[in-house]
Amino acid sequence: MEKINNNNELEIMRSQMASFKKQLEQQEIINSRIMAESMKKKFSWIKKMIIGEIILIPIFLYLAFAAKYYLDLSWWSTSTFIILLLCDVWCDYDINMRAIKNSDYSRDNLVNTMEKLLRMKQRRTKQTAIMLIALIGLIIWFSIEISLHLMSIDADTGMWGVFYGGVVGGVIGIAVSWWIYRKMQKTNDEMIKQIEEISKEQ
């Protein structure tokens with residue numbers, strides 16, 4: 001009888017251990033999902049912004065050709081702007097959307113994901129430095145070319161006002177680009193910190 005009772009107690013303990021193990025596994029799955037959703041949410045605004053850039057490409061192209069004909073810009077200036085625009089959007093897409101996949105949010109890939117995030121920061125820094133220098137140079141060149149055209153046609157005050165407004169808009173564009181860059185880098189830092197915290201818990 002005592003042996004039967006011991007066997008029953010052992011079976012109960014095994015059943016309890018199996019149940020406890022199952023609960024731990026379920027909790028691990030839930031925690032992994034919460035972590036993945038948290039990281040996706042942090043990164044979602046960047047993906048939305050890149051999609052917005054892609055959608056706005058036709059509008060920017062229209063404005064570029066409109067400026068070429070109304071302000072008598074050279075084809076060299078117009079082509080340079082279009083090439084820089086397309087290169088910048090492509091780099092944004094390649095760096096920020098192609099690098100991170102849904103599988104990278106899994107606990108099993110955290111080390112690899114951190115390396116991708118660090119590499120993303122480095123590539124983004126290089127892209128931003130190159131594009132800002134190119135954009136500043138382009139604004140200066142546009143300013144010279146457009147002002148010479150306006151002087152040659154003896155433009156009125158209204159056209160000069162549009163010209164100065166465009167220069168100010170370009171400067172504001174540079175400031176906004178820098179702010180977006182800083183915000184992107186901060187998002188990467190937050191995700192890296194989250195991965196480090198999770199790694200310590202494991």
Side-chain angles (χ1 to χ4, degrees), residues 39-100 116-193:
M39 293 177 72
K40 285 180 183 178
K41 188 175 181 181
K42 280 187 174 73
F43 209 69
S44 63
W45 76 270
I46 294 178
K47 291 192 172 185
K48 289 176 182 176
M49 190 196 71
I50 305 304
I51 292 171
E53 284 183 355
I54 295 171
I55 293 172
L56 289 173
I57 285 178
I59 297 174
F60 284 120
L61 292 178
Y62 171 78
L63 292 174
F65 286 113
K68 188 259 182 292
Y69 287 107
Y70 285 107
L71 299 174
D72 197 31
L73 291 175
S74 66
W75 276 111
W76 184 91
S77 298
T78 306
S79 300
T80 301
F81 171 79
I82 292 172
I83 291 170
L84 285 175
L85 170 68
L86 297 177
C87 286
D88 189 46
V89 174
W90 167 251
C91 287
D92 280 342
Y93 174 78
D94 187 51
I95 292 171
N96 299 295
M97 292 188 70
R98 292 181 67 194
I100 298 292
K116 286 185 176 183
L117 290 169
L118 290 170
R119 191 160 53 247
M120 184 186 292
K121 284 187 65 178
Q122 292 171 349
R123 292 183 65 196
R124 192 184 288 139
T125 298
K126 291 178 182 178
Q127 177 208 0
T128 302
I130 292 170
M131 294 308 300
L132 283 179
I133 291 171
L135 186 57
I136 291 170
L138 200 60
I139 289 174
I140 293 171
W141 178 257
F142 276 0
S143 299
I144 293 171
E145 190 171 353
I146 294 172
S147 61
L148 288 174
H149 170 68
L150 293 179
M151 285 188 290
S152 68
I153 64 171
D154 195 22
D156 57 23
T157 305
M159 292 190 71
W160 279 104
V162 172
F163 165 71
Y164 291 126
V167 173
V168 173
V171 174
I172 293 173
I174 292 174
V176 170
S177 297
W178 179 254
W179 176 79
I180 290 173
Y181 160 75
R182 297 296 301 168
K183 190 176 179 182
M184 284 181 169
Q185 298 295 70
K186 184 179 178 181
T187 298
N188 273 52
D189 289 338
E190 290 174 354
M191 292 175 70
I192 291 169
K193 184 178 179 182

| task | Might you work through the side chain to side chain contact (heavy atoms under 4.5 Å, CB included) test for I174 and L135, ending with a clear yes or no? | result | CA-CA 8 Å; I174 292 174; L135 186 57; 3.6 Å; yes

| said: Before you tell me yes or no, could you show the steps for W160 and M151 under side chain to side chain contact (heavy atoms under 4.5 Å, CB included), namely the whole-Å CA-CA distance, both residues' side-chain angles and the distance that decides it to 0.1 Å? | reply: CA-CA 9 Å; W160 279 104; M151 285 188 290; 3.7 Å; yes

| L118 side, atom CG; D189 side, atom CG - distance, nearest 0.5 Å | 9.0 Å

| Under a 4.5 Å cut-off applied to non-hydrogen side-chain atoms, are I82 and F65 in contact? | yes

| Taking S79 for the side chain and W76 for the main chain, is one N or O donor matched with an acceptor at less than 3.5 Å? | no

| For L117 against N188, the heavy-atom pair lying closest together | O-ND2, 3.0 Å

| said: Using 30° and 60° as the class boundaries, would you call the ring planes of Y93 and W90 parallel, tilted or perpendicular? | reply: tilted

| said: I'd like to know if the side chain of E145 and the backbone of S74 have a donor-acceptor N/O pair within less than 3.5 Å. | reply: yes

| request: Check the pair R124, T128 against side chain to side chain contact (heavy atoms under 4.5 Å, CB included), reporting the backbone distance first and the verdict last. | output: CA-CA 6 Å; R124 192 184 288 139; T128 302; 4.2 Å; yes

| Can you tell me if N96 uses its side chain to pair, donor with acceptor, with the backbone of D92 under 3.5 Å? | yes

| request: Measure the spacing between CG of L63 and OH of Y70 and express it to the nearest 0.5 Å. | output: 11.5 Å

| message | So, taking the atom named CD in Q127 and the one named CE in M120, what distance separates them when rounded to the nearest 0.5 Å? | response | 11.5 Å

| task | Taking the side chain as every heavy atom from C-beta outward, state whether I46 and K183 have any pair of such atoms under 4.5 Å apart. | result | no

| task | Fit a plane to each ring of Y69 and W75, take the angle between them on a 0 to 90° scale, and name the class: parallel (under 30°), tilted (30 to 60°) or perpendicular (over 60°). | result | perpendicular

| Counting distance only, does the side-chain N/O of D156 pair as donor-acceptor with the main-chain N or O of M159 below 3.5 Å? | yes

| query | CE of M49 to CE of M97: how many Å apart, nearest 0.5 Å? | reply | 10.5 Å

| field | L61/L85 under side chain to side chain contact (heavy atoms under 4.5 Å, CB included): CA gap, chis, key distance, verdict | value | CA-CA 9 Å; L61 292 178; L85 170 68; 4.3 Å; yes

| request: Apply the test side chain to side chain donor-acceptor pair (under 3.5 Å) to residues T187 and W45: give CA-CA distance (whole Å), side-chain angles for both, the deciding distance (0.1 Å), then the verdict. | output: CA-CA 10 Å; T187 298; W45 76 270; 3.1 Å; yes

| field | Separation between CH2 of W141 and OG of S77, rounded to the nearest 0.5 Å | value | 6.0 Å

| Minimum heavy-atom distance S143-V167, with the two atoms named | OG-CG2, 3.7 Å

| task | Tell me, please, which residues at least two apart from D72 pass side-chain contact (heavy atoms from CB on, under 4.5 Å). | result | H149

| note | In this structure, CG of D88 is separated from CE of M131 (nearest 0.5 Å) by 4.0 Å

| task | Using side-chain contact (heavy atoms from CB on, under 4.5 Å) as the criterion, list what pairs up with T125, not counting sequence neighbours. | result | Y181, Q185

| task | Could you tell me which non-hydrogen atom of L132 sits nearest to which non-hydrogen atom of S177, and how far apart they are? | result | CD2-CB, 4.2 Å

